[in-house]
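Chain naming here is simple, since letters A, B, ... match the order of the sequence lines and numbering starts at 1 in each.
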Amino acid sequence: MSDALFSVGFNVALHVVLLPALVAGSIMTLAWRPWRDETWLNDYWGGSIGIGAAYLVGHWGLGGQPENMPYLGAGIIVIGLVQPLLARISSGFDWEKLIISLAASQALVYAVITFKFSDSHWAGLEAVLWMDVLGLLIVAADWTLDHVARRHSGATIPLAMCVISIAGSAVLVLISVASGSELVGVITVVASVALVLSWWDPSITLAKGGTTVFTLLFASLVLYGFFFSYDDPSPWVGFTMALAPHALWLGEIGPVSQMEGWLATVARVALLVPPLAASALLAWGL
Amino acid sequence: MRRSIFGALSALLLLSLAPATGFAQDESEDDGSGGAATFEIDPAHTKIMARADHFGIGHAFVEFPEVSGTIEYNEDDITKSSINLTIKTGSLTSHQKKRDKHLKGPDFFNAKKYPEITFESTSVERVDDETLQVEGDISMHGNTETIAIKIKEIGSGKGPQGNFRRGFYTEFEINRLNFGIDWKPEAVDKMVRLILSMEGIEK
């Protein structure tokens, strides 16, 4: 193996896998303390900071686009931390969360693909519509993941995040954005850490913050890759991926809802595969 | 005898007048206007290439066919000369479609976000009869770096269409990390050699 190839492999192993896993594992373990006998549902910050900090470590090592991603990542962590605080002080429908999510999502869309919001691309009403549609898709995905996480603690959402991020990583490679694929790979590793911890303690959850950080980070990377790729992927690649998380609701009805244990977890997450596979196949050019 | 002498003299006379009539084979004589002149870059006779090491095994080349610009050339005072080039980033080609899309995408040149690469000279000095020392700013991928390069004057003269031309050539290296193009320097070396061969047509 040439020195260069070894260097590439080592860099990926270190910054995509080892360091993010170490950071996420440390933070999540500290937050959730899975060795405790009693359940500990109040430390939602573990998901937000664990996912966000681990991602920032990976991005620091790998570099990559968008250039402002580290700042966006820090802001996303703050938003993730705000969610559980609002959950403590508000009751009933999470209007505050919805408003914050909408504002954050639209600001994120603008920050990530600023160049599209110009006279030569989207201007006026078209720009507003794009920002609203993309922001709503992000908010809806976060809302679904958060509410499924609240219904099902443990492995469901971490496993779902693994599957979604693997698909996102594959799509980014297929549309010639390898750096974005690596960065999404960091998120996959972090979700895997949460998955391992959830097997240890099935009471832990990524609700109220963790799903928000995951969704916003993932959306940023996919949006950037999608709009800057010279492969000019079909919009259906993005739409199928954005709508995929909602397939989890099919697990709340019918035969899957009657299942229990790990079988139920796998069955629910398997519902994500068809739309994500469709997204990948479309990116491949089929 | 008289016809043969007359024919020989006529031939000699015609040959001596050939340069004035434009039938001369040698077009490299400098019969430009002298003083200051503006030359527009001729894309058909200009080649801009980038070369980088690939995994330390071989070289990878990229061409940038869409280039425009001007060269202000002042024969009397070379320090008043200047070079301005604009390259369309999205025009790059390595003659491999999939690789071209990768190079134009966010991992490398990010051509949608940074559609142009520009060079603007800030000073020009003569080193010797054939060489110029040029300092200027390269702007690429949202970053600007000042470089100092030696440009060789290949030649000058009237082209086939009768227009006056000047040709230049240079090679120099840049560090792509300085321009924020930092993906996988282990795979594609950070030091990139730029090769420019330019012809300008006097306006």
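- With contacts defined as side-chain heavy-atom distances shorter than 4.5 Å, the pair B/F55/A/V8 qualifies.
- The CG atom of B/N110 sits 4.0 Å away from atom OH of A/Y224, with the distance rounded to the nearest 0.5 Å.
- With a threshold of 4.5 angstrom between heavy atoms, A/F115 approaches chain B through side-chain atoms but not through N, CA, C or O.
- If you tally non-hydrogen atom pairs under 4.5 Å between each of B/P185, B/P106, B/G180 and chain A, the highest count goes to B/P106.
- Of all the heavy atoms in B/H102 and A/S176, the pair that sits closest is CD2-O, 3.4 Å.
- Contacts between B/K97 and chain A at a heavy-atom distance below 4.5 Å are absent for every atom of the residue.
- At a 4.5 Å heavy-atom cutoff, B/F109 makes no contact with chain A through either its backbone or its side chain.
- Looking at B/D107 and A/E182, their side chains never come closer than 4.5 Å, going by heavy atoms from C-beta outward.
- Chosen from A/D232, A/V177, A/N11, the residue pairing most often with chain B at heavy-atom distances under 4.5 Å is A/V177.
- Annotation: maximal heavy-atom pairing with chain A below 4.5 Å, among B/A111, B/G90, B/G142, B/G56, occurs at B/A111.
- Residues A/S7 and B/E186 share a closest heavy-atom pair of OG-CG, 3.1 Å.
- Heavy atoms of other residues, nucleotides or ligands lying less than 6.0 angstrom from CZ of B/F61 number more than 12.
- Inter-residue side-chain proximity for A/T114 and B/K113 is flagged as unmet; no heavy-atom pair is nearer than 4.5 Å.
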